[in-house]
2 protein chains.
Amino acid sequence: MARATILIVEDDKAIRLGVRDVLQMGGYAVREAGTGTSGLDIACAGGIDLVLLDILMPEMNGLEMLEALRRARPSLPVIILSALGEGPDRVRGLRLGADDYVVKPFGADELLARVEAVLRRSAERPVARSSLTIAQRTIDLERRQITHADGTRCMLSEREAEVLHYLASCAGRPVSRDELLQRIWGIDPRGVRSRTVDMTIARLREHLRDDPNDPAVIRTIRGRGYMIDAEGES
Amino acid sequence: MARATILIVEDDKAIRLGVRDVLQMGGYAVREAGTGTSGLDIACAGGIDLVLLDILMPEMNGLEMLEALRRARPSLPVIILSALGEGPDRVRGLRLGADDYVVKPFGADELLARVEAVLRRSAERPVARSSLTIAQRTIDLERRQITHADGTRCMLSEREAEVLHYLASCAGRPVSRDELLQRIWGIDPRGVRSRTVDMTIARLREHLRDDPNDPAVIRTIRGRGYMIDAEGES
DNA sequence: GGGGTTCGTCACAAGTCTGTCACACGCCGG
DNA sequence: CCGGCGTGTGACAGACTTGTGACGAACCCC
């Protein structure tokens with residue numbers, strides 16, 4: 001990434017400008033939003049590599065925005081800017097899948113160090129491709145369409161496609177139900193014990209003609225979650 | 001991971017005990033070290049999922065320990081515990097590859113949230129292929145999977161994988177049942193005389209197709225425990 | 001050989017995890 | 001309003017994991 005673009009979502013203009021200066025000094029391109037709704041629009045439009053998100057904002061709560069953002073762009077990294085004393089929200093934020101949070105007031109060095117760390121981690125994440133072939137099934141994630149070996153096709157629903165997309169982007173490691181709930185459903189998975197993820201996987205497997213007892217595409221790793229094998233493995 | 005084990009490296013006993021209580025309350029297993037050198041030993045020995053590291057310590061500076069630890073176990077997550085006003089150290093710590101830091105004084109909620117977040121990220125990190133080959137069997141401990149010489153594969157259960165992992169990390173020396181009970185089961189083995197460990201080994205051997213009467217992988221050292229040969233030995 | 005100890009394995013029970021069913025709910029296009 | 005579709009939920013059965021006592025065999029020391 002030559003020059004990462006960072007979106008600041010923060011209602012306090014003074015802080016926003018200060019943060020902007022720090023980031024620009026650090027060599028990043030910066031975009032700004034004063035409200036959660038406008039921030040969400042900009043982030044969804046694309047071209048953003050990282051979001052700095054204030055939790056306490058009028059109009060749309062930062063956490064709500066985070067939830068919405070996670071649904072729209074599950075892999076876009078987010079750092080929460082939080083004031084001291086927002087304990088419960090902080091915890092919820094991290095549980096919702098924020099990549100980090102910085103407590104106000106923060107120094108320029110600290111902010112840059114965290115931004116750098118998060119960007120580095122996100123760069124390590126393998127890019128999800130828009131189409132892939134697994135076990136004789138060609139999967140077009142853009143069109144949400146599966147083509148089987150015999151040439152027949154079927155469509156995936158929105159949720160199914162999201163889950164498959166995420167699993168594929170994590171190919172080679174097991175992905176837990178909690179992680180899926182966080183990243184795709186935008187749900188805080190504490191204590192949630194529902195069959196939601198399992199059912200989506202079951203429907204996905206049905207479309208993939210994948211036998212759960214002898215899976216060719218989505219393997220179950222008991223106690224850990226689901227996994228798609230990385231390329232080059234059988 | 002059923003229950004993560006966290007190592008606290010902190011010279012101030014009061015803080016150490018406080019942190020320990022918080023972590024145990026949060027459901028984690030805890031080990032402690034009062035100096036950097038002893039902490040390094042414990043961390044390198046294995047069985048640790050996360051290190052909480054105080055920066056200011058006598059004998060061995062926390063940053064030095066971090067550097068040494070990074071060389072020995074590059075992927076072991078570390079959270080730095082730092083006092084206010086150590087700005088430059090903080091930044092250096094993050095640059096040295098600490099995964100996070102918490103500023104003293106910190107609340108229980110904040111500590112647990114950070115611990116949880118770092119553990120989550122470390123679980124989501126694409127794992128470097130950490131496989132070992134023993135007697136024609138390729139063992140992928142991350143995925144709990146054994147590949148035999150004939151290409152067939154089988155999965156290990158969580159416990160089996162933990163035990164195999166531990167034995168492999170101690171390759172070359174016998175590991176007693178008590179040590180296994182302590183390190184893996186988290187049980188004080190005094191007076192315990194159960195077949196728990198033996199059964200896990202038996203099941204493991206079955207998956208490994210290892211004949212107890214003529215073992216190729218896990219040898220029984222009567223009176224001492226079990227042992228995996230070090231590489232290069234037959 | 002005798003007695004005690006250690007080890008491997010069996011059967012079993014309790015607990016946990018998964019896959020699936022049936023159903024309810026909301027959404028959308030007739 | 002109806003019916004189809006996608007989706008989430010509770011219930012439930014079956015599979016899997018794991019610890020335990022029982023038991024016999026192997027082993028060790030004398």
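Every heavy atom of this structure was used, including side-chain atoms; hydrogens, water molecules and symmetry mates were not. The sequence lines fix the lettering, A, B, ..., with proteins before strands; numbering per chain opens at 1.
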Q: On the nucleotide dT18(D), are OP1 or OP2 found under 4.0 Å from the side-chain N or O atoms that Thr196(B) carries?
A: no

Q: Check whether any side-chain nitrogen or oxygen of Ser194(A) sits under 4.0 Å from OP1 or OP2 of dT9(D), and answer yes or no.
A: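 True: Ser194(A) side-chain N/O within range (under 4.0 Å) of dT9(D) OP1/OP2.
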
Q: Could you pull out all residues at least two apart from Arg224(B) that satisfy side-chain hydrogen bond (donor to acceptor under 3.5 Å, both in side chains)?
A: none

Q: Go through the structure and list residues passing salt bridge (Lys or Arg N to Asp or Glu O under 4.0 Å) with Asp140(A), not counting sequence neighbours.
A: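 Applying salt bridge (Lys or Arg N to Asp or Glu O under 4.0 Å) to Asp140(A) gives Arg143(A).
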
Q: Only counting residues at least two apart or in another chain, list the ones meeting side-chain contact (heavy atoms from CB on, under 4.5 Å) with Asp198(B).
A: Arg177(B), Arg195(B), Tyr226(B)

Q: Hey, is the side chain of Tyr226(B) poking within less than 4.0 Å of OP1 or OP2 on dG8(C), counting only N and O atoms?
A: yes

Q: How close or far is atom P of dC17(C) from atom CZ of Arg144(B), stated in whole angstroms?
A: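 To the nearest whole Å, that distance equals 12 Å.
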
Q: Without decimals, in angstroms, what is the distance between Asp198(B) CG and dA26(D) P?
A: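 It is 17 Å, rounded to the nearest whole Å.
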
Q: For Trp185(A) and dG8(D), is the shortest distance between a side-chain N/O and OP1 or OP2 below 4.0 Å?
A: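 Answer is yes, contact under 4.0 Å.
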
Q: Would you please name every residue forming a side-chain hydrogen bond (donor to acceptor under 3.5 Å, both in side chains) with Arg31(A), sequence neighbours left out?
A: none

Q: Compare side-chain N and O positions of Arg159(A) against OP1 and OP2 of dG8(D) and report whether any pair is under 4.0 Å apart.
A: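 Yes.
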
Q: Does a side-chain heavy-atom distance below 4.5 Å link Leu208(B) with Ile139(B)?
A: yes

Q: Where do N or O atoms of nucleotides 1-6 of chain C meet protein N or O atoms at under 3.5 Å, pair by pair?
A:
residue: dT5(C); atom: O2; partner: Arg222(B); partner atom: NH2; Å: 3.2
residue: dT6(C); atom: O4'; partner: Arg222(B); partner atom: NH2; Å: 3.1

Q: If we fit an axis to the first five pairs and another to the last five of the helix from dG1(C)-dC30(D) to dG30(C)-dC1(D), what angle do they make, to the nearest 10°?
A: 30°

Q: Can you check whether Thr220(A) has a side-chain N or O nearer than 4.0 Å to OP1 or OP2 of dG19(C)?
A: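 Looking at the OP1 and OP2 atoms of dG19(C), one of them is under 4.0 Å from a side-chain N or O of Thr220(A).
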
Q: Using whole Å, report how far CD of Glu158(B) lies from P of dA15(D).
A: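 Interatomic distance, CD of Glu158(B) to P of dA15(D): 22 Å.
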
Q: Which residues pass the side-chain hydrogen bond (donor to acceptor under 3.5 Å, both in side chains) test with His165(B), sequence neighbours left out?
A: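 Partners of His165(B) by the side-chain hydrogen bond (donor to acceptor under 3.5 Å, both in side chains) criterion come out as none, since no residue qualifies.
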
Q: Using the side-chain hydrogen bond (donor to acceptor under 3.5 Å, both in side chains) criterion, which residues pair with Arg159(A)? Sequence neighbours excluded.
A: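 Partners of Arg159(A) by the side-chain hydrogen bond (donor to acceptor under 3.5 Å, both in side chains) criterion, ordered by chain and then number, come out as Glu162(A).
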
Q: Let me know the distance between CD of Glu206(A) and P of dT18(C), rounded to the nearest Å.
A: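 Atom-to-atom, Glu206(A) to dT18(C), this comes out as 20 Å.
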
Q: May I have the distance from Leu204(A) (atom CG) to dG19(C) (atom C1'), rounded to whole angstrom?
A: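 Interatomic distance, CG of Leu204(A) to C1' of dG19(C): 14 Å.
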
Q: Between Glu160(A) (CD) and dG6(D) (P), how many Å, whole number?
A: 8 Å

Q: Any ion pair linking Arg144(B) and Glu158(B) (charged N to carboxylate O, less than 4.0 Å)?
A: yes

Q: Any N or O donor-acceptor pair linking the side chain of Arg203(A) to the base of dG19(C) at under 3.5 Å?
A: no

Q: Does Ile221(A) reach the side chain of Gln145(B), with side-chain heavy atoms less than 4.5 Å apart?
A: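 Heavy-atom side-chain distance check fails, nothing below 4.5 Å.
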
Q: Measure CG/Asn213(B) against P/dT9(C) and give the value in whole Å, please.
A: 7 Å

Q: Residues in side-chain contact (heavy atoms from CB on, under 4.5 Å) with Ala108(B), at least two apart?
A: Val22(B)

Q: Provide, to the nearest angstrom, the distance between the CZ atom belonging to Arg219(A) and the P atom belonging to dG19(C).
A: 13 Å

